[in-house]
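In what follows, every heavy atom counts, from backbone to side chain, and hydrogens, waters and symmetry copies are set aside. Order of the sequence lines fixes the chain letters, A, B, ..., with proteins taken first and strands second; residue numbering starts at 1 for each chain.
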Amino acid sequence: MAAQNLKKNFGATKSGRAYTRQSNRISLAKRKFYVTTPIYYPNDIPHIGHAYTTIVADVISRWNQLKFGKENVFFLTGTDEHGKKIEQAAKKKDKRPKEFVDELIPKFKNAWQKLNIKYNRFIRTTDKDHEKVVKEILQRVYDNGDIYKGEYEGFYCTGCEAYYTEKDLVDGCCPIHKTKIEKLKEPSYFFRLSKYQDKLLKLYKENPDFISPQHRRKEVINRVKEGLKDLSISRNSFKWGIQLPFDNTHIAYVWFDALFNYVSGVKYLDDKKLFEKFWPADVHLIGKDILWFHAVYWPAFLLSAGISLPKKIFAHGWWTFDKEKISKSRGKVINVDELIAIAGVDSARYFLLRATPFGDDGDFSEKALIERHNNELANKLGNLVSRVAGLIEKNGVTKCENKLIKKLKINKIETLFDNYEFDKVLNEIFAFIDVCNEYIQKKKPWEIKDTKILYELKESILKIAQLLWPFIPETSEKITKQFSAEKIKKGEILFRKIENG
RNA sequence: AGCGGGGUGGAGCAGUCUGGAGUGCUCGUCGGGCCCAUAACCCGGAGGUCGCGUGGUUCAAAUCCCGCCCCCGCUACCA
């Protein structure tokens, strides 16, 4: 319902196309949006880090649904299921890797359901169509000469069963086992990443928004300028992965497998129509730790495969917990259930988007979340809804011109949103909530019984609910339902205040 | 070491790109108003040499330039 109304207000067209402004030029842009999260490693519990990226993706998805219509938005998330760690973890439990990961997937799906996240597809790198895409592309890239056979050399610790780089070592010993470590070689196929150095630099230069935020872009450019080495993209020391089509003794190494989920997610080989509708992705949301892979490897792979490039890679920051780094060993983790338990789903979603500019690091604490919940959601929004509903129940409304809503800076909000400045979007919406509260205070509708004022407030609250729908969908839908009814009634308390512990 | 980010009333942040009275937000604090509402809402006050230089540019610097100090990230095959 909210979607329909706001869609009308944004002026989405039936044709699915419209003029949009882009860097001072008016261009005919496709009215669609494709947003992705990283695919998560399933041998982990979904925590605040996973939740953050996925909630933001959901907010972006819902916002674009309001603009372009539900059918013109695609939101992809999923899991990255291959690799040695999974193979070993499965073996420990005496299970086959696929069987093992199958049991882990519900944890993620349940978490997203609890957080009210509505994705279009949950892709798994073990999905048949994904494997097919990876094989086809490997063959294509091999055929055009960008893959060659060589030797991967690294410091191998038998205790960890993993390779380390020279910098990881402590006095030539494994940082965990403190044992002497041997240099080991294994045959491997390499991708000619070095060949793409200039093309990548050209890409960054010509598309200044390709990597966001800007300071991350600078980091990447500087490092690429220092020179790119070719990249090992296969392993033959374990089996759990996608076999190379040109050498079945090797499996594709993680990034070549994982990154292509973004194209297989929209059915690259199986549904041309769907793929062409949504690809290229409008934004890949990622954490800053995997920026390098997305900003360098990914476009290079796509260039080699002859597939068009995504429009934007957005790397966000990390959350600390009570000012400390999130750390499993010290119990400094917030999993999804804990996150929701504090003040509910909408408050959690609200807090994560409101507290910190998207892109920066943020600090999470129960106290800060409760403060936002009490002061902004309960006292300002909840109380506004409550007092207006009560007044209308007693007095009714009289239709009139809504002058109040002119104070809402809708264009500014739209610009901020499209710039991924979600904290400021919320700030702007809540500034209007303040305006509504001030308006009531000034006009004293309980005294003068002016039902036109109540009509203005009703319409304004409906608009607020629509704008908040991407962020707090559950509450938004409650408000919309309440204020769209024939007889508006006082209703339930939306946000109950929480004693600050 | 290199690259990047930050240092703004008691706390946490915007504001800096595109200089213009220290402006704003969420709290805390002090006082007042309102009584429709979730002891919520509204108005006003106190409180800051905007890291340091008694640096430079300018009629004008939190904002631009230079130098210094302090914090924090990133530095590739590990999601």
Side-chain angles (χ1 to χ4, degrees), chain A residues 38-44 49-50 79-86 152 154 160 162-165 167-168 188 190-191 193 213-233 235 253-256 258 286-293 296-297 315 317-318 320 325 354-357 359-363 365 367-368 371-372 374-395 421 423-424 426-428 430-431 434 436-447 449 454 457 490 492-497 500:
Chain A
I39 45 176
Y40 305 114
Y41 205 63
N43 196 12
D44 202 354
H50 303 110
T79 43
D80 175 20
E81 306 184 1
H82 292 126
K84 188 168 206 163
K85 281 183 190 164
I86 292 286
Y152 177 73
C160 303
Y163 280 98
Y164 287 99
T165 60
K167 283 176 196 163
D168 293 329
S188 170
F190 283 81
F191 173 75
L193 184 63
Q214 284 302 305
H215 68 268
R216 299 281 169 210
R217 171 174 181 258
K218 288 180 203 159
E219 283 180 9
V220 171
I221 290 174
N222 287 331
R223 279 178 60 196
V224 171
K225 278 184 181 163
E226 286 170 18
L228 291 173
K229 288 194 287 188
D230 288 346
L231 178 72
S232 162
I233 54 148
R235 287 292 130 97
Y253 192 55
V254 56
W255 288 106
F256 209 100
I286 56 167
K288 62 185 182 181
D289 55 326
I290 52 174
L291 176 60
W292 182 251
F293 312 108
V296 179
Y297 298 176
W318 285 132
T320 51
K325 241 181 170 171
R354 175 68 188 85
T356 306
D360 292 1
D361 289 343
D363 182 57
S365 71
K367 185 166 175 265
E371 269 175 20
R372 295 275 183 193
N374 285 348
N375 297 322
E376 294 169 27
L377 293 172
N379 290 352
K380 290 195 181 295
L381 174 61
N383 183 52
L384 173 70
V385 166
S386 179
R387 69 199 299 206
V388 171
L391 285 165
I392 293 178
E393 186 174 7
K394 283 176 214 157
N395 303 293
E421 296 180 274
D423 60 320
K424 295 199 181 103
L426 289 169
N427 204 23
E428 208 54 60
F430 275 73
D434 285 343
C436 291
N437 273 320
E438 286 161 28
Y439 191 65
I440 299 175
Q441 204 64 36
K442 203 171 131 205
K443 295 285 185 181
K444 302 182 192 296
W446 61 88
E447 199 175 295
K449 314 269 182 202
L454 296 178
L457 286 162
K490 190 146 179 316
E492 296 278 304
I493 283 185
L494 295 172
F495 297 97
R496 222 165 258 291
K497 273 194 280 194
N500 209 330

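Contact annotation for A/Asn383: base contact, defined as any heavy-atom pair under 4.0 Å involving a base atom. A/Leu494 comes within contact range of at least one nucleobase, with a heavy-atom separation under 4.0 Å. Residue contacts for A/Leu231: at a heavy-atom cut-off of 4.0 Å it reaches a base atom on one of the strands shown. Here A/Val296 lies out of heavy-atom contact (under 4.0 Å) with every strand. Counting any heavy atom pair closer than 4.0 Å across all strands shown, A/Leu228 reaches a base atom. Within the nucleic acid shown, A/Gly227 comes within 4.0 Å of at least one base atom, counting heavy atoms only. Residue A/Phe495 is in base contact, counting any heavy-atom pair closer than 4.0 Å across all strands shown. Within the nucleic acid shown, A/Lys229 comes within 4.0 Å of at least one base atom, counting heavy atoms only. Within the 4.0 angstrom heavy-atom criterion, base atoms lie near A/Gly382.
With salt bridges taken as basic N to acidic carboxylate O contacts below 4.0 Å, one links A/Lys367 and A/Glu371. Under the 4.0 Å criterion applied to side-chain N and carboxylate O atoms, A/Lys444 and A/Glu447 are not assigned as salt-bridge partners.
As rounded to the nearest Å, B/U57 and B/G48 have C1' atoms that lie 26 Å from one another. For the C1' atoms, the distance from B/G32 to B/G51 is 38 Å, rounded to whole Å. Remark: the separation of the P atoms in B/G2 and B/G45 is 49 Å, to the nearest Å. Comparing the C1' positions of B/U23 and B/G47 gives an interatomic distance of 16 Å, to the nearest angstrom. Nucleotides B/G5 and B/U16 place their C1' atoms 14 Å apart, quoted to the nearest Å. Remark: the separation of the C1' atoms in B/G19 and B/A60 is 8 Å, to the nearest Å. Nucleotides B/C25 and B/U18 have their P atoms positioned 27 Å apart, rounded to a whole Å. Atom P of B/U29 sits at a distance of 41 Å from the matching atom of B/C65, rounded to the whole Å.
B/C41 and B/G33 make up a base pair, with Watson-Crick or G-U wobble contacts both under 3.5 Å. The partner of B/A11, taking Watson-Crick or G-U wobble pairs whose two distances both stay under 3.5 Å, is B/U26. When both distances must be under 3.5 Å, the Watson-Crick or G-U wobble mate of B/C3 is B/G73. The partner of B/G19 cannot be assigned: no Watson-Crick or G-U wobble pair with both contacts below 3.5 Å exists in any strand. Across all strands shown, B/C68 pairs with B/G51; the Watson-Crick or G-U wobble distances both stay below 3.5 Å. Taking a pair to require two hydrogen-bonding distances under 3.5 Å in either a Watson-Crick or a G-U wobble arrangement, B/A46 remains unpaired. Of all nucleotides present, none satisfies the Watson-Crick or G-U wobble test against B/C78 with each distance under 3.5 Å.
A sub-4.0 Å separation between OP1 or OP2 of B/A37 and a side-chain N or O of A/Lys444 is absent. Note on A/Lys424: a side-chain N or O is less than 4.0 Å away from OP1 or OP2 of B/G15. Checking the phosphate oxygens (OP1, OP2) of B/C36, no side-chain nitrogen or oxygen of A/Lys449 falls inside 4.0 Å. Between A/Tyr253 and B/A79, a side-chain N or O to OP1/OP2 separation shorter than 4.0 Å is present.
The nearest whole Å value for the distance from the NE2 atom in A/His82 to the P atom in B/C78 is 18 Å. Atoms CD (A/Gln441) and C1' (B/C43) sit 9 Å apart, rounded to a whole Å. Distance A/Asp423 CG to B/C25 C1': 11 Å, rounded to the nearest Å. Atom P of nucleotide B/A14 and atom CZ of A/Arg354 are separated by 10 Å, given to the nearest angstrom. Straight-line distance from the CD atom of A/Glu421 to the P atom of B/U16: 10 Å, rounded to whole Å. One can place OH of A/Tyr297 at 11 Å from P of B/A79, the figure rounded to the nearest angstrom. Following rounding to the nearest Å, A/Arg496 (CZ) and B/A39 (C1') show an atom-to-atom distance of 14 Å. Rounded to a whole Å, the CZ atom of A/Arg217 is 17 Å from the C1' atom of B/G5.
The listed nucleotides are B/A37, B/C27, B/C36; the one nearest the side chain of A/Leu391 is B/C36. Checking B/C36, B/C27, B/U38 against every side-chain atom of A/Asn375, the shortest atom distance belongs to B/C27. Looking at the side chain of A/Lys497, the nearest of the listed nucleotides B/A76, B/A40, B/C36 is B/A40. Side-chain proximity of A/Ala378 to B/C43, B/A79, B/U38: nearest is B/U38. Taking every side-chain heavy atom of A/Lys288 into account, B/G73 is the closest of B/A76, B/C41, B/G73. Residue A/Pro357 has its side chain nearest to B/A14 when only B/C78, B/U26, B/A14 are considered. The listed nucleotides are B/C36, B/C77, B/A37; the one nearest the side chain of A/Ile440 is B/C36. Each of B/C42, B/C27, B/A76 was ranked by its minimum atom distance to the side chain of A/Asp434; first place goes to B/C42. Listed nucleotides: B/C78, B/C41, B/C36. Nearest to the side chain of A/Asn437: B/C41. Comparing B/C27, B/C77, B/C35 by their nearest atom to the side chain of A/Tyr152 picks out B/C77.
How far CG of A/Asp80 is from OH of A/Tyr40: 12.0 Å, rounded to the nearest 0.5 Å. With values rounded to the nearest 0.5 angstrom, A/Glu376 atom CD is found 5.5 Å from A/Arg354 atom CZ.
Between A/Leu231 and A/Tyr152, every side-chain heavy-atom pair lies at or beyond the 4.5 Å cut-off. With a 4.5 Å cut-off on side-chain heavy atoms, A/Ile440 and A/Leu384 count as touching. At a threshold of 4.5 Å between non-hydrogen side-chain atoms, the residues A/Ser386 and A/Lys490 count as touching. You'll find the side chain of A/Asn395 stays beyond 4.5 Å of the side chain of A/Trp446, heavy atoms only. A heavy-atom distance below 4.5 Å is found between the side chains of A/Lys497 and A/Asn379.
Between A/Tyr297 and A/Trp255, the ring planes are perpendicular. Angles over 60° get that label, and only those under 30° would be called parallel.
Nearest-nucleotide positions on RNA chain B place A/Ser386 closer to the 5' end than the other of A/Ser386 and A/Ala258. Summary of the strand contacts: A/Lys380 and A/Val388 both lie near RNA chain B, and taking for each the nucleotide with the nearest heavy atom, the more 5' one is attributed to A/Lys380.
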